[in-house]
A.B. asks: 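After the structure tokens below, expect a handful of questions from me.
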Amino acid sequence: MGGPDTGSFLHQKSAKVFVAGHRGLVGSAIVRKLQFLGFTNLLLRTHAELDLTVQYDVNAFFAAEKPQYVILAAAKVGGIHANNTYPADFIGVNLQIQTNVIHSSYLHGVRKILFLGSSCIYPKFAPQPIPESALLTAPLEPTNEWYAVAKIAGIKMCQAYRIQYNWDAISGMPTNLYGPNDNFHPKNSHVLPALIRRFHEAKLRGDNEVVVWGTGSPLREFMHVDDLADAVVFLMDRYSGLGHLNVGSGKEVTIKQLAELVKEVVGFKGELVWDKTQPDGTPRKLMDSSKLMELGWKPQISLRDGLVDTYKWYLENVPTLM
């Protein structure tokens, strides 16, 4: 199947590139970026057109289309409640998707594949900031271990195929992401889109206050999904290594600072109240992305600018999100 491809990805604008999961937060940003850069041969399939959990269908797609590059951004994702309720789905569906796509990519001569994971692959009590070397050094966070185990298997599968077949399979692990096409569902969205929706709805109702759980003291890292898309292109073009790489902003913000910034961007004039009887969660979660930064990549979008962009998208799409 040939060794790792050293030709520049950015010089292959007419190459067939399969972006798996192109409708999600991550995949849609990658498609926007590739189109902006002038890639003309993107292969995109909805779930209805191609079910990535069905091995026969995935193999038939690769045999017919013969993509040269694959970016694997398709996954079953969800919050704590979803992971607790549907653990079989979170481990089973993700293992099926990545096994089918990675193996078919290898069989049908894909030059390079990038597998995308998540920061939840790391141990619950990992050192902060979390280096890549923390992987598999201690137990996982029990609430999302089903998803995390699947993602760890994906990293290991890419490494195994590189070792056994000298095939260019790489992995990137993004931090907490936000941006256009995020999930703003009132029950199962992540903290940042949930805050945007709550402040927006409170503003529309003319509420005097918005109550947020906890003390606001935990530190979190956020990165706009367009920065991740930029990093994906960088990795496809410049990285060919066995180890997975963290992809983060390297910037921390307290939940209190985040809530105040969202309040300001949305234009909510009422009061922000902290319900200190509710749990805070992990005190700090930051990824060490220095390896990627040393290769020459860095994020460009500030949290404020990213929030303005995301709120603008939310306002344009809010009727379809209700």
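One-based numbering along the sequence shown. Values below: every heavy atom of this structure, side chains too, minus hydrogens, waters and symmetry copies.
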A.B. asks: Honestly curious: do Tyr165 and Met157 fall in one hydrophobic cluster under the side-chain, below-4.5 Å linking rule?
C.D. replies: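 They do share one cluster, since a chain of ILVMFWY contacts under 4.5 Å joins Tyr165 to Met157.
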
A.B. asks: Given side-chain contact (heavy atoms from CB on, under 4.5 Å), test Arg220 with Val191 step by step and report yes or no.
C.D. replies: CA-CA 10 Å; Arg220 292 292 181 270; Val191 60; 5.7 Å; no

A.B. asks: For the CG atom of Leu25 and the CG atom of Asn181, what is their distance to the nearest 0.5 Å?
C.D. replies: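 The CG atom of Leu25 sits 7.0 Å away from the CG atom of Asn181.
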
A.B. asks: Report the C-alpha distance between Ile121 and Tyr147 in whole Å, list the side-chain angles of each, state the deciding distance to 0.1 Å, and finish with yes or no for side-chain contact (heavy atoms from CB on, under 4.5 Å).
C.D. replies: CA-CA 8 Å; Ile121 61 165; Tyr147 177 78; over 6 Å; no

A.B. asks: Minimum heavy-atom separation for Lys151 to Gly117, with atom names?
C.D. replies: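 Smallest interatomic distance, heavy atoms only, reads CD-CA, 3.7 Å.
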
A.B. asks: Quick one: are Val273 and Val211 in side-chain contact, heavy atoms under 4.5 Å?
C.D. replies: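 Heavy-atom side-chain distance check passes, below 4.5 Å.
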
A.B. asks: In this structure, would Leu286 and Phe222 fall into the same cluster of hydrophobic residues linked by side-chain contacts under 4.5 Å?
C.D. replies: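 As far as the 4.5 Å side-chain criterion goes, Phe222 and Leu286 are not connected within one cluster.
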
A.B. asks: Do any N or O atoms from the side chain of Asp280 and from the backbone of Pro218 form a donor-acceptor pair under 3.5 angstrom?
C.D. replies: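 Such a contact is absent between Asp280 side chain and Pro218 backbone.
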
A.B. asks: Do Met173 and Val247 make a side-chain contact, defined as non-hydrogen atoms from C-beta onward lying under 4.5 Å apart?
C.D. replies: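 Met173 does not reach Val247 side chain to side chain.
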
A.B. asks: So does Tyr86 have more than 12 non-hydrogen atoms from other groups sitting under 6.0 Å from OH?
C.D. replies: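 Counting neighbours around OH of Tyr86, 12 or fewer heavy atoms of other residues, nucleotides or ligands fall under 6.0 Å, so no.
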
A.B. asks: Does the side chain of Tyr56 reach to within under 4.5 Å of the side chain of Asn100, using non-hydrogen atoms?
C.D. replies: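 Sidechains of Asn100 and Tyr56: no contact.
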
A.B. asks: What's the separation between atom CG in Asp57 and atom CZ in Arg45, rounded to the nearest 0.5 Å?
C.D. replies: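 Answer for the CG-CZ pair, Asp57 versus Arg45, is 12.0 Å.
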
A.B. asks: What do the steps show when you test Arg32 against Asp226 for salt bridge (charged side-chain N to carboxylate O under 4.0 Å, His left out), and what is the final call?
C.D. replies: CA-CA 9 Å; Arg32 285 195 303 273; Asp226 287 353; 2.8 Å; yes

A.B. asks: Hey, does the side chain of Lys16 reach the backbone of Glu65 with a donor-acceptor pair shorter than 3.5 angstrom?
C.D. replies: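 Indeed, once roles are kept as given, a pair shorter than 3.5 Å links the two residues.
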
A.B. asks: Mark yes or no for whether Glu260, through its side chain, and Gln257, through its backbone, hold a donor-acceptor pair below 3.5 Å.
C.D. replies: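 Judged by distance alone, no pair lies under 3.5 Å.
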
A.B. asks: Any non-hydrogen side-chain atom of Cys158 less than 4.5 Å from a side-chain atom of Ile102?
C.D. replies: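 Yes, close enough: below the 4.5 Å cut-off.
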
A.B. asks: What is the minimum heavy-atom distance between Ala20 and Leu52, and which atoms define it?
C.D. replies: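 Nearest heavy atoms, Ala20 then Leu52: CB-CD1, 4.0 Å.
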
A.B. asks: Check whether more than 12 heavy atoms from other residues, nucleotides or ligands sit under 6.0 Å from atom NZ of Lys13, and answer yes or no.
C.D. replies: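 Yes, NZ of Lys13 has more than 12 neighbouring heavy atoms, counting only those of other groups under 6.0 Å.
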
A.B. asks: Hydrogens and angles aside, do His224 and Asp305 bring a side-chain donor and acceptor to less than 3.5 Å of each other?
C.D. replies: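 There is no such pair between these side chains.
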
A.B. asks: Apply the test side-chain contact (heavy atoms from CB on, under 4.5 Å) to residues Gln68 and Val110: give CA-CA distance (whole Å), side-chain angles for both, the deciding distance (0.1 Å), then the verdict.
C.D. replies: CA-CA 5 Å; Gln68 288 156 285; Val110 166; over 6 Å; no

A.B. asks: For residues Asp207 and Glu201, determine if any side-chain heavy atom of one lies less than 4.5 Å from a side-chain heavy atom of the other.
C.D. replies: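 Result no, sub-4.5 Å side-chain heavy-atom pair not found.
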
A.B. asks: Tell me, which pairs form a side chain to side chain donor-acceptor pair (under 3.5 Å) where one or both residues lie in residues 88-97, sequence neighbours left out?
C.D. replies: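 Residue pairs with at least one partner in residues 88-97: there are none.
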
A.B. asks: Side chains of Thr143 and Asn83: donor-acceptor distance under 3.5 Å anywhere?
C.D. replies: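 Not at all, the side chains of Thr143 and Asn83 share no donor-acceptor pair under 3.5 Å.
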
A.B. asks: Classify the ring geometry between His103 and Tyr161 as parallel (under 30°), tilted (30 to 60°) or perpendicular (over 60°).
C.D. replies: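 Ring orientation of His103 relative to Tyr161: perpendicular.
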
A.B. asks: Using the rule that Ile, Leu, Val, Met, Phe, Trp and Tyr join whenever any side-chain heavy atoms are under 4.5 Å apart, tell me whether Leu219 and Leu272 fall into a single cluster.
C.D. replies: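 Leu219 does not cluster with Leu272.
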
A.B. asks: Is there a donor-acceptor contact under 3.5 Å from the side chain of Lys203 to the main chain of Val266?
C.D. replies: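 Pair found, side chain donor or acceptor close to backbone of Val266.
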
A.B. asks: Set out, in order, the CA-CA distance, both residues' side-chain angles and the distance that settles side-chain contact (heavy atoms from CB on, under 4.5 Å) for Lys112 and Trp167, then state yes or no.
C.D. replies: CA-CA 7 Å; Lys112 184 170 194 169; Trp167 182 53; over 6 Å; no

A.B. asks: Which residue in the set Leu43, Leu42, Thr40 passes side-chain contact (heavy atoms from CB on, under 4.5 Å) when paired with Val17?
C.D. replies: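 The passing option is Leu42.
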
A.B. asks: More than 12 foreign heavy atoms under 6.0 Å from NZ of Lys66: is that the case here?
C.D. replies: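 For Lys66, atom NZ is crowded (more than 12 foreign heavy atoms under 6.0 Å).
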
A.B. asks: Between Ser289 and Asn246, does any side-chain donor sit less than 3.5 Å from a side-chain acceptor?
C.D. replies: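 Note: Ser289 and Asn246 side chains miss the donor-acceptor criterion.
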
A.B. asks: Would the distance check show the side chain of Thr282 and the main-chain N or O of Arg284 forming a donor-acceptor pair, the cut-off being under 3.5 Å?
C.D. replies: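 No; zero donor-acceptor contacts below 3.5 Å.
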
A.B. asks: Does any N or O in the side chain of Asp227 come within less than 3.5 Å of the main-chain N or O of Gln300, such that one atom is a donor and the other an acceptor?
C.D. replies: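 Indeed, once roles are kept as given, a pair shorter than 3.5 Å links the two residues.
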
A.B. asks: Using modelled atom types and a 3.5 Å cut-off, is there a donor and acceptor pairing between side-chain atoms of Gln98 and backbone atoms of Ala150?
C.D. replies: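 Confirmed, Gln98 side chain pairs with Ala150 backbone.
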
A.B. asks: Give the minimum heavy-atom separation between Ser105 and Val70, together with the two atoms involved.
C.D. replies: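 Residues Ser105 and Val70, closest heavy atoms: OG-CG2, 3.6 Å.
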
A.B. asks: Is the number of heavy atoms from other residues, nucleotides or ligands under 6.0 Å of Trp274 CH2 greater than 12?
C.D. replies: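 Enclosed.
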
A.B. asks: Kindly check if the number of other-residue, nucleotide or ligand heavy atoms within 6.0 Å of CG (Asn208) is above 12?
C.D. replies: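 At most 12 heavy atoms, drawn from other residues, nucleotides or ligands, come within 6.0 Å of this atom.
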
A.B. asks: Output yes when a side-chain donor or acceptor of Asn41 lies under 3.5 Å from a complementary backbone atom of Ser14, and no otherwise.
C.D. replies: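 Indeed, once roles are kept as given, a pair shorter than 3.5 Å links the two residues.
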
A.B. asks: Looking at Ile196, is its backbone amide N or carbonyl O close enough to the side chain of Lys263 to form a donor-acceptor pair, meaning the two atoms are under 3.5 Å apart?
C.D. replies: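 No, Lys263 side chain to Ile196 backbone: no donor-acceptor pair under 3.5 Å.
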
A.B. asks: Would you say Phe18 and Leu72 make side-chain contact, with heavy atoms under 4.5 Å?
C.D. replies: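 Side chain of Phe18 against side chain of Leu72, heavy atoms only: no contact under 4.5 Å found.
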
A.B. asks: Taking Gly250's backbone N and O only, do any of them form a donor-acceptor pair with Glu221's side chain (distance below 3.5 Å, no angle check)?
C.D. replies: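 Yes, because the side chain of Glu221 sits within donor-acceptor range (under 3.5 Å) of the backbone of Gly250.
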
A.B. asks: Would you say Thr46 and Arg23 make side-chain contact, with heavy atoms under 4.5 Å?
C.D. replies: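 Yes, close enough: below the 4.5 Å cut-off.
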
A.B. asks: Using the rule that Ile, Leu, Val, Met, Phe, Trp and Tyr join whenever any side-chain heavy atoms are under 4.5 Å apart, tell me whether Leu315 and Phe199 fall into a single cluster.
C.D. replies: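 Yes.
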
A.B. asks: Is the distance between the ring centroids of Tyr69 and Phe9 under 6.0 Å?
C.D. replies: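 Under 6.0 Å, so yes.
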
A.B. asks: Return the minimal non-hydrogen interatomic distance between Phe234 and Leu295, and the atom names on each side.
C.D. replies: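 Answer, listing the atom of Phe234 first, then Leu295: CZ-O, 3.2 Å.
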
A.B. asks: Does the side chain of Tyr178 pick up a donor-acceptor pair with the side chain of His190 at under 3.5 Å?
C.D. replies: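 Their side chains do not contain a donor-acceptor pair, so the 3.5 Å distance test is not met.
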
A.B. asks: Looking at Arg304 and Glu264, is there a salt bridge between them, counting it only when a charged N and a carboxylate O are closer than 4.0 Å?
C.D. replies: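 Salt bridge between Glu264 and Arg304, a charged N being under 4.0 Å from a carboxylate O: yes.
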
A.B. asks: Are Ser189 and Asn183 linked by a side-chain donor-acceptor pair shorter than 3.5 Å?
C.D. replies: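 Their side chains do not contain a donor-acceptor pair, so the 3.5 Å distance test is not met.
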
A.B. asks: Can you see which heavy atom on Arg162 is nearest to which on Gly241, and at what distance?
C.D. replies: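 Looking at all heavy atoms of both residues, the shortest contact is NE-O, 3.4 Å.
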
A.B. asks: Quick check on Trp297: does its CH2 atom have over 12 non-hydrogen neighbours (other residues, nucleotides or ligands) under 6.0 Å away?
C.D. replies: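 Yes, enclosed.
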
A.B. asks: Is there a side-chain contact between Phe268 and His200 in this structure, where contact means two heavy atoms from C-beta onward sitting under 4.5 Å apart?
C.D. replies: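 Sidechains of His200 and Phe268: no contact.
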
A.B. asks: What distance separates His244 NE2 from Ile155 CD1, expressed to the nearest 0.5 Å?
C.D. replies: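 So the NE2 of His244 and the CD1 of Ile155 are separated by 5.0 Å.
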
A.B. asks: Do Ser240 and Asp168 have side-chain atoms, one donor and one acceptor, less than 3.5 Å apart?
C.D. replies: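 There is such a pair between these side chains.
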
A.B. asks: Hey, does the Lys NZ or Arg CZ of Lys76 hover above the aromatic six-ring of Phe90, less than 6.0 Å from the centre and inside 45° of the axis?
C.D. replies: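 Judged by the rule, Lys76 and Phe90 form a cation-pi pair.
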
A.B. asks: According to a 4.5 Å side-chain heavy-atom criterion applied to Ile, Leu, Val, Met, Phe, Trp and Tyr, with indirect links allowed, do Ile301 and Leu195 form part of one hydrophobic cluster?
C.D. replies: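 Different hydrophobic clusters.
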
